[in-house]
Amino acid sequence: MFVDPKPVDPQKLQAFVDTLTQEIHAQADWGKVADYIPELAQVDPAQFAISIVLADGTKVAAGAHHKRFSIQSVSKVFTLACVLGRVGEQIWTRVGREPSGTRFDSILLLEQEHGRPRNPFINAGALVTTDALLEHRAPKDALSEIIGFICAACEDDDIHIDRDVAQSEERTGFRNIALANYLQSYGNMRNDPALTLGTYFHQCAIEMTTDQLAMAGRAIAQLPQAPYVMTRAKARRLNALMMTCGHYDGSGDFAFRVGLPGKSGVGGGILVIAPGRASIAIWSPGLNAYGNSQVGTYAAERLIKFTGWSVFG
Ligand code: DON
């Protein structure tokens with residue numbers, strides 16, 4: 001079992017996140033909320049929440065940590081976990097595991113690489129994993145599996161899809177529609193693209209609080225208190241992909257500044273994993289130029305400086 005050589009004092013950590021939250025509210029630059037999904041464009045950017053679960057199960061939180069937000073691309077981690085359980089390593093014949101260096105919704109590399117997306121976290125790759133989860137069953141069953149997985153991981157049944165957000169993206173998700181059809185033209189969709197897209201938009205519209213998300217991340221962090229929802233080998237795979245691809249073309253910057261595996265979403269959520277030490281969920285809806293939470297990234301950077309949790313020492 002992992003033994004932390006310098007465990008953090010939970011009381012000092014609580015004082016740190018309280019001060020950080022105050023500092024963040026005093027500063028002005030929150031970034032810009034995602035506006036290509038009309039429902040997300042209405043969210044007030046001046047919001048912040050952080051929740052941390054430590055190896056012994058202690059919880060530390062500050063800000064709006066009871067407020068539900070749209071997890072969007074953070075859901076791709078849970079879908080991939082389900083797919084790895086269902087089809088195992090076969091998924092890598094359909095999607096790669098290399099950083100793309102392109103925007104999350106880019107179509108650029110798909111033609112060059114004959115319809116095999118670079119990784120499962122860019123939209124094209126996530127559409128392929130959702131398609132793999134959907135094979136031979138109805139969208140509601142694939143969605144139940146994802147939600148069931150999340151509920152088991154965070155030991156909380158109160159996890160739901162915001163149907164307004166899903167419908168909002170269904171009306172305006174032209175790039176994803178283009179990506180799914182392009183994948184289909186290369187034979188890399190097993191279902192009707194409309195069904196895969198519908199499932200994907202609903203999975204992205206799952207809403208959670210940072211408290212719930214941090215609890216769900218415990219299995220990926222392999223914390224001793226985490227319920228058994230995946231093998232250690234699977235958690236290792238997810239961490240590697242989150243570190244190298246979890247922030248799209250901002251993944252290098254996130255690794256440089258934070259030094260931990262992380263997965264962002266355009267709803268402003270970030271799940272950060274300190275393997276063996278902690279699961280961290282941060283939310284602030286304003287985004288930076290890469291489409292990742294601006295203040296959330298800053299908060300993760302400050303937290304890791306305070307705790308010394310970077311995997312790079
Ligand atoms: O597919 C989309 O565009 C959104 N439902 C999810 C994208 C996303 O969260 C990218 N993350 N930063």
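Whatever order the structure lists ligands and atoms in, that order sets their numbers, starting from 1. Model, not experiment: these values are computed from the prediction.
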For atom CD of E89, decide whether the heavy atoms of other residues, nucleotides or ligands shown that lie under 6.0 angstrom number more than 12. yes

Taking non-hydrogen atoms only, is V266 closer than 4.0 angstrom to ligand 1 via side chain, backbone, both or neither? both

Would you mind listing which atoms of ligand 1 come within a distance below 4.0 Å of any non-hydrogen atom of S264? 12 (N)

Check: N119/R97 side-chain N/O donor and acceptor closer than 3.5 Å: no

Closest to atom 1 (O) of ligand 1 among protein heavy atoms sits Y200 OH, 2.6 Å

Residue C204 vicinity, atoms of ligand 1 by number, heavy atom under 4.0 Å: 5 (N)

Contact between D105 and ligand 1, counting heavy atoms under 4.0 Å? no

What atoms in ligand 1 come closer than 4.0 Å to a heavy atom of G265? 9 (O), 11 (N), 12 (N)

Would you check the N or O atoms of E169, main chain and side chain alike, for any that come under 3.5 Å of an N or O of ligand 1? yes

Can you confirm whether more than 12 heavy atoms, excluding those of R94, are under 6.0 Å from its CZ atom? yes

Going by the order shown, which atoms of ligand 1 are within less than 4.0 Å of some heavy atom of N176? 1 (O), 2 (C), 3 (O)

Heavy atoms from other residues, nucleotides or ligands near CG of D157 exceed 12 (cutoff 6.0 Å): no

Any heavy-atom pair between the side chains of N123 and R175 that's under 4.5 Å? no

Establish, from distance only, whether the side-chain atoms of N191 and E135 form a donor-acceptor pair under 3.5 Å. no

List every atom of ligand 1 that sits less than 4.0 Å from any heavy atom of Y36, numbering the atoms from 1 in the order shown and giving each element. 2 (C), 3 (O), 4 (C), 6 (C), 7 (C)

Taking the inter-plane angle between the rings of Y186 and H114 on a 0 to 90° scale, is it parallel (under 30°), tilted (30 to 60°) or perpendicular (over 60°)? perpendicular

Report the relative orientation of the aromatic rings in F306 and F16; use parallel for angles under 30°, tilted for 30 to 60°, perpendicular for over 60°. parallel

Atom 7 (C) of ligand 1 has as its nearest protein heavy atom S73 OG, 3.0 Å

Under 3.5 Å, is there a donor-acceptor pair between the T79 and K76 side chains? no

Atoms in ligand 1 flagged as close to Q72, the criterion being non-hydrogen separation under 4.0 Å: 4 (C), 5 (N), 6 (C), 9 (O)

Give the single entry among Y290, Y248, F104 that approaches atom 11 (N) of ligand 1 most closely by any heavy atom. Y248

Determine, considering heavy atoms only, which of G268, G267, G269, G291 sits nearest to atom 12 (N) of ligand 1. G291

